[in-house]
Amino acid sequence: MKRTLIVGNWKMHLNVAQSSLLVARLHKHIDGHRDIEVVLAPSMVALQPISTQIDRRRFRLAAQDAYHKDEGAYTGEVSFHMLRDLVHYVIVGHSERRIFFNEGLDVVRDKVSACVRNGMTPILCVGETAQERAGGETKQVLHDQVVSALSNLTGVEVANMVIAYEPVWAISTFGGQIAKPSDVVGEMAFIRHQITELYGSHVSKHTRIIYGGSVDDHSARAYLEIDDCDGVLPGNASLNYHKFTGIVDSAYKMNRDKKDD
Ligand code: 13P
């Protein structure tokens, strides 16, 4: 069985002391669950101190981005190579990177490849803007983002990766319109279908597809109930102890209810 994946993307919030405080509080509430994987994505400066603080049976770490060259004269960048042994996951192609930092399809593809080459698991973010959705371009956008990002990977590598469907219009940064689960179920199925087309169903059934966009403790379960949804990627709500632990609890309760059935 795939473990339900909950990834808290802290974005450019919380300094080292604040990050450490939140982790200490989360430790008190979140136990290791066999069927839930909780991942924290703090800022780059907090990764090292947090890595020595966390109980790795309960939490894994993700970086929010990295640079695809392993080393060289790229002032200000941190490479995937440098993150080896520090994090398990790296978020790649987040819409804030695509939009604010002009990351195009080629850059995202190179980052996904560098992530895998360096032994970490990419959490590839894909999603359409409000304008693209209104123009009926959602499937084309998702197709292009998925196909191009995976183009250097083998089936085994795709089976092991995570794809986050984050409709840009539903992310708090870009307006945070609440997407009903019925608004996203088709898109998530479409993403899995793309992987089936490219690599076959033996691969696509293993790839974890998660949802992000204004997820909180109240809405998490409804997304997690979607057939093709293997987890959630909250931003804002992951900064709040009550909301984030509420999301983890929702996943726990849902899995428990399913077992009882
Ligand atoms: P919000 O939950 O704040 O909308 O952010 C979602 C997101 O971008 C996670 O990567």
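One-based numbering, in listed order, for ligands and for the atoms of each.
Note on ring orientation: taking the six-membered ring where Trp is involved, the planes of Tyr223 and Tyr211 are parallel (angle under 30°, cut-offs 30° and 60°).
The contact set between ligand 1 and Ser172, taken as ligand atoms under 4.0 Å from a residue heavy atom, comprises 1 (P), 3 (O), 4 (O). In summary, the atoms of ligand 1 found under 4.0 Å from a heavy atom of Lys11, numbered by their order in the structure, are 5 (O), 6 (C), 7 (C), 8 (O). Close contacts between ligand 1 and Ser214 involve ligand atoms 1 (P), 2 (O), 4 (O) [criterion: under 4.0 Å to a heavy atom]. Of all the atoms in ligand 1, the ones that sit under 4.0 Å from a non-hydrogen atom of Glu166 are 6 (C), 7 (C), 8 (O), 9 (C), 10 (O).
In terms of protein heavy atoms, atom 2 (O) of ligand 1 is closest to Gly235 N, 2.8 Å.
Side chains of Thr138 and Glu187: a donor-acceptor N/O pair is absent below 3.5 angstrom, by distance only. His94 and Glu166 share a side-chain donor-acceptor pair at under 3.5 Å.
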(request) Please assess His143 against Phe190 for the test ring pair (Phe, Tyr, Trp, His ring centres under 6.0 Å), listing each intermediate value before the final yes or no. (result) CA-CA 9 Å; His143 169 273; Phe190 178 75; 7.3 Å; no
Could you pull out all donor-acceptor pairs under 3.5 Å where a side-chain atom in residues 169-176 meets a protein atom, sequence neighbours excluded?
unit_1: Trp169; atom_1: NE1; unit_2: Glu128; atom_2: OE2; d: 2.8
unit_1: Ser172; atom_1: OG; unit_2: Asn236; atom_2: ND2; d: 3.4
unit_1: Thr173; atom_1: OG1; unit_2: Lys11; atom_2: NZ; d: 3.4
unit_1: Thr173; atom_1: OG1; unit_2: Glu96; atom_2: OE2; d: 2.5

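The N/O atoms of Glu96, backbone and side chain alike, include none that comes under 3.5 Å of an N/O atom in ligand 1. For a threshold of 3.5 Å applied to N or O pairs, the pair formed by Thr173 and ligand 1 contains no separation below that value. Annotation: Ala237 places no N or O atom under 3.5 Å from an N or O atom of ligand 1; distance criterion only.
A salt bridge does not link Lys69 to Glu77: none of the charged nitrogens lies less than 4.0 Å from a carboxylate oxygen.
Note that the CG atom of Asp110 and the OG atom of Ser148 stand 9.5 Å from one another [nearest 0.5 Å].
In this structure, Gly212 falls outside the shell of residues with a heavy atom less than 4.0 angstrom from ligand 1.
For Leu233, heavy-atom contacts with ligand 1 shorter than 4.0 Å involve the backbone as well as the side chain.
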